[in-house]
Amino acid sequence: MRTTPSQDGPRQEAGELALQAAAVLRKNDMGGWTRAAPTLYPHQWSWDSAFIAIGLAHVDIRRAAAEIRSLLNHQWKNGKVPHIVFNPAAPPDSYFPGPEHWASAAPDAPDASSHPAMTSGLCQPPVHAIAARRILEVAESRNEGIEDARRFLRDVYAKLFAWHRYLATNRDRENSGLVTIFHPWESGTDNSPRWFEALERVEVGEGLSYERLDLKHVKDPSERPVQDTYDRFIWLVELIKRTGCDDSAIYTTSPFLVKDVLFSAILVRANEALLEIAEIVEAPYGDRDTIRAWIQRGHGGLDERWDPELELCLDYDLRAGCSLGTRTIAGLSPLFSGSGPAARRKSLLETLDSPFFAGDPDLRWPLPPSTSPGEPRFHPRSYWRGPVWPVLNWLLCWSLERSGEAERAGTLRRASLEQLADGRFGEYYEPFTGEPLGSDGQSWTAAVALDWLANEEAL
Ligand code: 9WN
């Protein structure tokens, strides 16, 4: 990261912030992979890793590539990229449900016989191809590490293709273009009110006994999910484990099966990135046709989920056969994927800027809360129920740029950098006061700051 002349105040501050962000990533570096946060999340999380790689690209291309490579080393035989790769050196009581809890649940895992388990049995949104493509872009813009980045793309292309094929098949038996999630943790937006009604339908069975560890790491328990929600999370893990993480069995038996529009929107963009990678590595034409078809199907699926009344894109509960109509940032999914007619995207940009989201006059910065402040289940401190998440804003910014909305993306980026200017790199932020919440020193927040700062410098 280039430092800036001292007579230039804001640039000097940007240089300082970049150094602080890089220091967070260094501190969380476990040697070839990065823990998501210093104590709350001592393992490698799937989509966190992708964002982390984007940030690392501005520091060291090979290290950025290593982040994704190490995650993909634990890809399952069926193509699934696991949501957590456990750190064998993490203290036993540092995270629940940890490796012991997942043990023997995963015959498809590459290290299935390992006790404790090396990975969880879930997955998370597929930001990886976006990150892989970005690594080469950053290398080219810095004119550094270009050959390393190209070699990395050649090495990981087949794995990324297998990952996307898993999502297009095992997770979309309906050929709808929309990904089915088996657990709110798979959405990455875990206790968002998006899942409330679907979770209500999950009846927790007998004999659930466990100790929550997450509450030990935050000052205020209201920043974490309520007990009732957590019980359902753990019960769903139990049911998934009972099937041996078998996707067909889960499809048949699980009480929670939801088409997630945000996950699906990210997959559309990830497929666009994968197509670019396929061209760079000269992958077979058949692959490229397949990826193009996935992109088309993804757009189609998202179009189908448009709700003209709420004027948002809605998740769909496969079990109950109904839409899940809560006003959250996921409703803006067509802005993330670039789907739908231009008029719809224009109206969504207006919604983004309206008091439902970033236009609420009481917000500390004009940044969209994860759940609209008007929602009855909005909570400004509880994670995914209201706080602002910098990583989602990174995705939104990046997608807006790709859709030709550079000015709108720039506004979002600058407001985000103001939010992060205190150098604490919170996991998420209280929308009205701007207080950082959850974990400080959260790796992916530092990572997106690095990417944004580089973007500002390039202007
Ligand atoms: C469960 C690591 C992860 C993020 C998720 C975020 C949170 C875990 C938890 O932390 O989820 O996966 O224990 O709450 O919701 O998006 O990947 O940062």
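Side-chain atoms are counted along with the backbone in the values below, which use heavy atoms only and exclude waters and symmetry mates. Residues: numbered from 1 along the sequence shown. Atoms within each ligand, like the ligands themselves, are counted from 1 in listed order. Predicted model, so just to flag it, every value in this text is computed and none were measured.
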Subject >> Atom indices of ligand 1, in the order listed, that fall short of 4.0 Å to a heavy atom of Tyr95 >> reply: 1 (C), 8 (C), 9 (C), 13 (O)
Original post:
Should the pair Lys80-Asp108 be classified as a salt bridge under the 4.0 Å nitrogen-to-oxygen rule?
Top reply: no
**OP:** Please state whether Asp48 comes within less than 4.0 angstrom of ligand 1, counting heavy atoms only.
**Re:** yes
Original post:
Ring centroid separation for Tyr41 and Trp444, is it under 6.0 angstrom?
Top reply: no
Original post:
Are any of the N/O atoms in Gly188 less than 3.5 Å from those in ligand 1?
Top reply: yes
**OP:** Would you mind checking which non-hydrogen protein atom is closest to atom 14 (O) of ligand 1, with the distance to 0.1 Å?
**Re:** Tyr383 OH, 2.6 Å
Original post:
What residue and heavy atom of the protein are closest to atom 15 (O) of ligand 1, and at what distance?
Top reply: Asp190 OD2, 2.7 Å
Original post:
With a 4.0 Å cut-off, would you call Lys216 and Asp93 a salt bridge?
Top reply: no
Original post:
What are the atoms of ligand 1, with element, lying closer than 4.0 Å to any heavy atom of Trp444?
Top reply: 4 (C), 16 (O), 17 (O)
**OP:** Quick one: do Glu304 and Lys259 satisfy salt bridge (charged side-chain N to carboxylate O under 4.0 Å, His left out)? Show the steps, please.
**Re:** CA-CA 12 Å; Glu304 292 275 304; Lys259 290 288 183 194; over 6 Å; no
Original post:
Are the aromatic rings of Trp195 and Phe233 close, with centres under 6.0 Å apart?
Top reply: no
**OP:** Return a yes/no value for Trp45: is any of its N or O atoms, backbone included, closer than 3.5 angstrom to an N or O of ligand 1?
**Re:** yes
**OP:** Check ligand 1 against Arg224 and write out every atom of the ligand that is under 4.0 Å from a heavy-atom position of the residue.
**Re:** 9 (C), 13 (O), 14 (O)
Original post:
Any donor and acceptor pair, going by atom type alone, linking the side chain of Glu430 with main-chain N or O of Phe432 inside 3.5 Å?
Top reply: yes
**OP:** Identify whether the distance between the nearest side-chain nitrogen and carboxylate oxygen of Arg134 and Glu401 falls below 4.0 Å.
**Re:** no
Original post:
Is Trp185 close to ligand 1, meaning an N/O of one under 3.5 Å from an N/O of the other?
Top reply: no
Original post:
Which of the numbered atoms in ligand 1 are below 4.0 angstrom from a heavy atom of Gln442?
Top reply: 18 (O)
